[in-house]
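Notes to accompany the following structure.
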Amino acid sequence: MCGRYTATTNIEELSEVIPGKFQYPLFTPSYNIAPSQKAPIVTFTDDEYHGELAKWGLVPHWMKNPKKPFINARSESIFEKPSFKYLYAKNRCVVLADGFYEWSMFGNTKRPVYFYLENHKPFAFAGYWERDREEKDLRTFVIMTTEAAEDVSNFHHRMPVMLNKQGVEAWLRGGRKEVLRPFAEPIKHHIVSRIVNSPANNTPDCVLPADGEGAGA
DNA sequence: CCAGACGTTGTT
DNA sequence: GTCTGG
DNA sequence: CCAGACGTTGTT
DNA sequence: GTCTGG
């Protein structure tokens, strides 16, 4: 699944994945974005792209007794399940990113693995947004998941839906469902330090390779 | 018709 | 064990 | 996703 | 909001 990710460069650089111009939101790069935190998303309405900071974790507006916010939605079922169906028409968004973490067992130890693209190229997650219950001006978002691509499958069987610039346009402008699939481009990875486990840690050390440490290969 | 449920992940 | 917070 | 807290009473 | 069950 996807429960932690990075957006480590400035917003202009991350926005290279958006196929049009828009106003950049104020954003501080992060090596450890966790659920409930605010991060940049992009929506598309009235033929314009719009960027803003939104909160990770979506509670559907119809829920009477809100429990845990949803941080992920299975892309395979979002068109059939009543829970998310209503969001497709007008609440699509993408989430700017340049890497994500998955935790995987190595022997008896669970360790974080960092996934990213060649040259640390920026990309986006496919998502849905909805207005926050209390703060009307704040949007919340959920990240779509899909089956793991080959480069990820040794570590985890699910991964976020990743989009390149072409995919962003197809999802936001076109609402094209066929972009919701495992990413087709090569994905790089390495084991990182457990300091990333705590959302309080947000330094470049989070994404550094930490090969030897602890349980061996 | 109304009432009630509606998710994801991983682990067992 | 279970919930909240980041 | 993981980390961290999780109760009560009375007294200051 | 939308679907299923009674």
Side-chain angles (χ1 to χ4, degrees), chain A residues 1-8 27-41 53-92 95 97-116 125-135 138-149 152-162 175 180 182 189 191-203 205-207 210 214:
Chain A
M1 94 187 274
C2 177
R4 220 67 84 72
Y5 69 95
T6 66
T8 68
F27 170 66
T28 306
S30 175
Y31 295 88
N32 197 354
I33 299 173
S36 82
Q37 295 180 354
K38 290 178 185 177
I41 68 167
L53 289 194
K55 188 178 172 184
W56 187 8
L58 181 154
V59 176
H61 65 88
W62 44 261
M63 267 203 170
K64 298 269 179 168
N65 303 308
K67 312 215 164 163
K68 270 191 246 172
F70 302 148
I71 64 172
N72 294 131
R74 284 181 73 90
S75 62
E76 295 94 331
S77 58
I78 52 172
F79 304 116
E80 286 116 50
K81 306 257 174 159
S83 336
F84 293 120
K85 200 173 183 180
Y86 68 101
L87 292 166
Y88 171 70
K90 297 184 179 230
N91 296 65
R92 300 188 304 279
V95 182
D98 61 6
F100 63 92
Y101 302 98
E102 298 287 1
W103 277 258
S104 184
M105 292 303 293
F106 294 80
N108 294 321
T109 321
K110 196 181 218 180
R111 306 192 67 190
V113 183
Y114 185 53
F115 296 91
Y116 54 99
F125 299 124
Y128 280 154
W129 65 269
E130 180 152 331
R131 295 214 169 282
D132 187 71
R133 301 212 158 194
E134 284 91 34
E135 276 186 73
L138 179 66
R139 288 184 206 205
T140 65
F141 66 91
V142 66
I143 293 173
M144 312 276 177
T145 61
T146 186
E147 196 183 323
V152 177
S153 60
N154 284 339
F155 304 93
H156 218 74
H157 68 112
R158 304 289 297 169
M159 67 179 282
V161 173
M162 300 166 67
L180 304 179
H189 72 269
I191 296 173
V192 293
S193 162
R194 287 185 198 80
I195 64 166
V196 76
N197 285 17
S198 172
N201 295 325
N202 179 7
T203 66
D205 292 340
C206 289
V207 300

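Numbered from 1 within each chain, the chains take letters A, B, ... in sequence-line order.
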Notebook entry, point to check: Which dot-bracket string describes DNA chain B (Watson-Crick N1-N3 plus N6-O4 or O6-N4, or G-U N1-O2 and O6-N3, all under 3.5 Å; [ ] crossing; | other strand)?
Noted result: ||||||......
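Remark: C1' of C:dG5 and CD1 of A:Ile71 are 13 Å apart, rounded to the nearest angstrom. In this structure, NZ of A:Lys81 is placed 13 Å from C1' of E:dT4, rounded to the nearest angstrom.
For A:Lys85, a side-chain nitrogen or oxygen approaches OP1 or OP2 of E:dC3 to under 4.0 Å.
At a threshold of 4.0 angstrom between heavy atoms, the contacts of A:Ala73 are confined to the sugar-phosphate backbone, with no base atom among them. Among the atoms of the strands shown, none is found under 4.0 Å from any heavy atom of A:Lys64. Base contact: A:Arg4 has a heavy atom under 4.0 Å from a base atom. Nucleic acid contact for A:Tyr101: none, since no nucleic acid atom lies under 4.0 Å from a heavy atom of the residue. Residue A:Ser36 is classed as a base contact, given a heavy-atom separation below 4.0 Å to a base.
Of the P atoms belonging to D:dA5 and B:dC6, the separation is 33 Å, rounded to the nearest Å. C:dT4 and D:dG7: their P atoms are spaced 11 Å apart (whole Å). Nucleotides C:dT2 and D:dT9 are separated by 25 Å at their C1' atoms, to the nearest Å.
Side-chain atoms of A:Pro60 and A:Phe70, non-hydrogen and from C-beta on, do get closer than 4.5 Å to each other.
The local environment of CD in A:Glu147 is sparse, with at most 12 non-hydrogen atoms from other residues, nucleotides or ligands closer than 6.0 Å.
Stacking between A:Trp62 and E:dG1 is present: the aromatic ring centre lies within less than 5.5 angstrom of the base six-membered ring centre, and the two planes differ by under 30 degrees.
Of all nucleotides in DNA chain D having an atom under 4.0 Å from a heavy atom of chain A, the first and last in 5' to 3' order are D:dC1 to D:dA3.
Formation of a donor-acceptor pair under 3.5 Å by the A:Thr140 side chain with backbone atoms of A:Glu130 is found in this model.
Under the 6.0 Å cut-off for aromatic ring centres, A:Tyr5 and A:Trp56 qualify, their centroids lying closer than that.
In this pair, A:Tyr101 and A:Trp103 present their aromatic rings tilted. The plane angle is within the 30 to 60° band.
In terms of position on DNA chain B, the residue among A:Ser83 and A:Thr145 whose nearest nucleotide sits closer to the 5' end is A:Ser83.
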